[in-house]
Amino acid sequence: MRYKNSEELYNKAVNLMPGGVNSPVRAFLNVDRTPVFIDRAKGDKIYDVDGNEYIDYVCSWGPGILGHAHPKVIEAVKAACEKGLTFGAPTRNEVELAELIKSIMPSMEVMRMVNSGTEATMSAIRTARGYTGRDMILKFKGCYHGHSDGLLVKAGSAALTSAVPDSAGVPESYTKNTLVALYNDENSVKELFEKYGNDIACVIVEPVAANMGVVLPEKGFLQFLRDITEKYNSVLIFDEVITGFRLGLGGAQEYYGIKPDMTTLGKIVGGGMPMAVYGGRKEIMDFVSPVGKVYQAGTLSGNPVATTAGIATIKILMENKNIYSDIEKKTSKIAEALKYIGLSVNQAGSLLCGYFTDREVKNYDDALSSDTKKYAEFFAWLIDRGIYVAPSQYEAMFISAAHSDEDIEKTCGIIREFKNN
Ligand code: HOZ
């Protein structure tokens with residue numbers, strides 16, 4: 001592999017953007033490399049500016065469930081662009097997309113479209129606070145819900161590996177109402193509810209935690225959260241930015257059979273365009289402006305091009321429900337290869353993580369026991385052989401409908417060879 005053009009771009013980029021990137025994890029700092037700059041993508045492949053081809057297991061961190069540049073999505077987006085890029089006014093598309101989402105996820109009785117997962121979680125929490133009249137929120141160590149101030153406490157994703165885990169620039173007063181419990185640890189939640197229960201506006205959780213690698217909820221954990229939030233009249237928010245339309249059409253709430261009060265969606269819902277959604281019970285969403293007093297707005301919200309990409313993607317998923325069992329099988333093959341080289345592997349549908357640890361990974365501390373230096377070696381082994389995975393131990397691998405059996409086999413072979421290197 002030659003990385004000359006990427007290196008030249010990187011040398012310019014570092015003087016123009018912090019770390020040369022527009023989102024920290026892309027800087028490759030966790031794996032001690034400089035980033036490759038991507039030129040284009042198609043199906044299960046991405047191509048960098050030096051012409052290197054990679055089988056892609058990042059899939060833009062989740063949106064690419066159909067693979068890159070699906071012809072039907074591209075065709076729909078091109079047609080939408082011809083009609084204008086943004087109107088700042090209501091469109092037919094927004095109604096169509098909201099109807100689709102509601103039909104798939106009945107808990108989303110009323111919803112609002114925004115531009116990013118960060119906006120969706122931030123707004124959902126504001127709504128839960130407005131609805132309950134309470135200030136405190138409860139989140140889990142290692143769960144990541146975007147980068148709004150009150151949520152950057154013991155967060156996952158790049159916040160987990162950065163030098164400042166809980167972010168500088170966030171005043172203490174912004175996080176004093178954020179309680180942190182341990183994922184998969186009912187007692188840690190009970191203790192906080194016993195102490196502060198009547199002040200807790202909401203519990204926000206990734207139903208499958210996918211920003212500290214992939215950590216599955218233990219049997220009964222999500223039901224326990226449903227029960228305790230009901231008992232204390234707190235709002236249960238499922239952050240399904242990653243799991244929505246990924247674990248199955250109806251996301252984790254369908255997969256595990258738990259109905260949250262509110263849900264946040266991102267990634268797949270925008271079909272590769274910047275789009276996210278928050279919503280839930282009508283009674284709660286009626287607190288959002290202009291009906292209610294919780295203010296939230298956005299010039300590009302419900303953008304016509306983004307909603308087009310979302311609608312096209314969701315329709316393809318609806319018409320091809322076997323996609324989910326297919327990608328799960330493909331993911332299991334990669335999981336086997338990761339186990340063969342001795343990793344501790346967690347899989348939920350087409351989400352996967354192999355940890356360099358002997359522990360079974362059930363929570364944040366287990367995840368942190370991973371040997372990140374070894375992960376960096378593994379990353380280098382893969383990328384130099386044309387396999388593109390996340391440049392961090394604490395991100396998920398994503399498998400798409402476009403991954404061919406041949407490419408899955410090829411990937412498994414390269415993973416297995418790592419054992420003998
Ligand atoms: N874990 C992040 C998305 N949920 C990775 C993407 C990013 O931070 O750039």
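We count ligands from 1, going down the list as the structure has it; atoms in each ligand are counted the same way. Both backbone and side-chain heavy atoms feed into the values below; hydrogens, waters and symmetry mates do not.
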Asks: Would you mind listing which atoms of ligand 1 come within a distance below 4.0 Å of any non-hydrogen atom of K267?
Replies: 3 (C), 4 (N)
Asks: Using a 3.5 Å cut-off and no angle test, enumerate the donor-acceptor pairs between side-chain atoms of residues 320-329 and protein atoms at least two apart in sequence or in another chain.
Replies:
residue	atom	partner	partner atom	Å
N320	ND2	I316	O	2.8
Y324	OH	F245	O	2.6
S325	OG	N322	O	3.1

Asks: Thinking salt bridges, do K72 and E75 make one under a 4.0 Å N-O criterion?
Replies: no
Asks: Report yes if Y144 has an N/O atom closer than 3.5 Å to an N/O atom of ligand 1; otherwise report no.
Replies: no
Asks: Could you check whether R33 makes a cation-pi contact with Y3, meaning its NZ or CZ is under 6.0 Å from the centre of the six-membered ring and within 45° of the ring axis?
Replies: yes
Asks: What residues form a salt bridge (charged side-chain N to carboxylate O under 4.0 Å, His left out) with R281, not counting sequence neighbours?
Replies: D261, E283
Asks: May I ask you to list the atoms of ligand 1 that are less than 4.0 angstrom from any heavy atom of E395?
Replies: 1 (N), 2 (C), 5 (C)
Asks: Which of the numbered atoms in ligand 1 are under 4.0 angstrom from any heavy atom belonging to S23?
Replies: 7 (C), 8 (O), 9 (O)
